[in-house]
Amino acid sequence: MRRSRRPQARAGFTCPAPTHHGLCVLEIVAAQSTTNSAEALETAVVVHGTFSEKELHDVRTSHPGRYVTLDDNVLVLWPGGQIS
C-alpha cells in the first residue's frame, strides 16, 4: 500500500503570501521536477522552470487578488493587489 504525501518544495520553499484560497498551488508547482528554483522576496515569489497555462491558471486561482505572470520560463507572484 502506497501512502500519498504532499510534495516537498525545493530548498524548503514556503509561500510568503499571507492568504491563500484553499491549498497553495504555488508550493506544489515549486516542488515539481520541471522547476529549477523558487525564491521568495518578501511577499513576491519568482519561480524558474517550465510551466503550463493550466499551472498559471491554478496559481492565479490559489492567490486571488494577486497579480501572477508567466514570461518564458519565469512565473512571478507579484506583491500587492491585482493590476488592472
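Basis for what follows: all heavy atoms, side chains included, without hydrogens, waters or symmetry-related copies.
Nearest heavy-atom pair, L70 versus D72, reported as atom, atom and distance to 0.1 Å: CD1-O, 3.8 Å. The shortest non-hydrogen separation linking P79 to A44 is CD-CB, 3.5 Å. Residue A38 comes nearest to F13 through the heavy atom pair CB-CD1, 3.8 Å, listed as atom of the first residue, atom of the second, then distance.
By the side chain to side chain donor-acceptor pair (under 3.5 Å) test, T69 is found to be paired with W78, residues two or more places apart in sequence or in another chain being considered. Looking at residues two or more places apart in sequence or on another chain, you find a side chain to side chain contact (heavy atoms under 4.5 Å, CB included) between A17 and C15, H20, H63, R66, L77.
Between the side chain of T34 and the backbone N or O of G49, no donor-acceptor pair lies under 3.5 Å.
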Begin with the C-alpha distance, continue with both residues' side-chain angles, and end with the deciding distance and a verdict on side-chain contact (heavy atoms from CB on, under 4.5 Å) for L56 and F51. CA-CA 7 Å; L56 173 62; F51 311 103; over 6 Å; no

side-chain contact (heavy atoms from CB on, under 4.5 Å) between V47 and L26, intermediate numbers included: CA-CA 9 Å; V47 185; L26 192 55; 4.0 Å; yes

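For the atom pair CD (E27) and OG (S62), the distance works out to 8.5 Å, reported to the nearest 0.5 Å. Taken from CG in N73 to OG1 in T35, the straight-line distance is 10.0 Å, to the nearest 0.5 Å.
You'll find the side chain of T61 stays beyond 4.5 Å of the side chain of V25, heavy atoms only. Side chains of V45 and V76 form no contact here, defined as non-hydrogen atoms less than 4.5 Å apart.
Residues in residues 38-53 take part in no salt bridge (charged side-chain N to carboxylate O under 4.0 Å, His left out) pair, two or more places apart or across chains.
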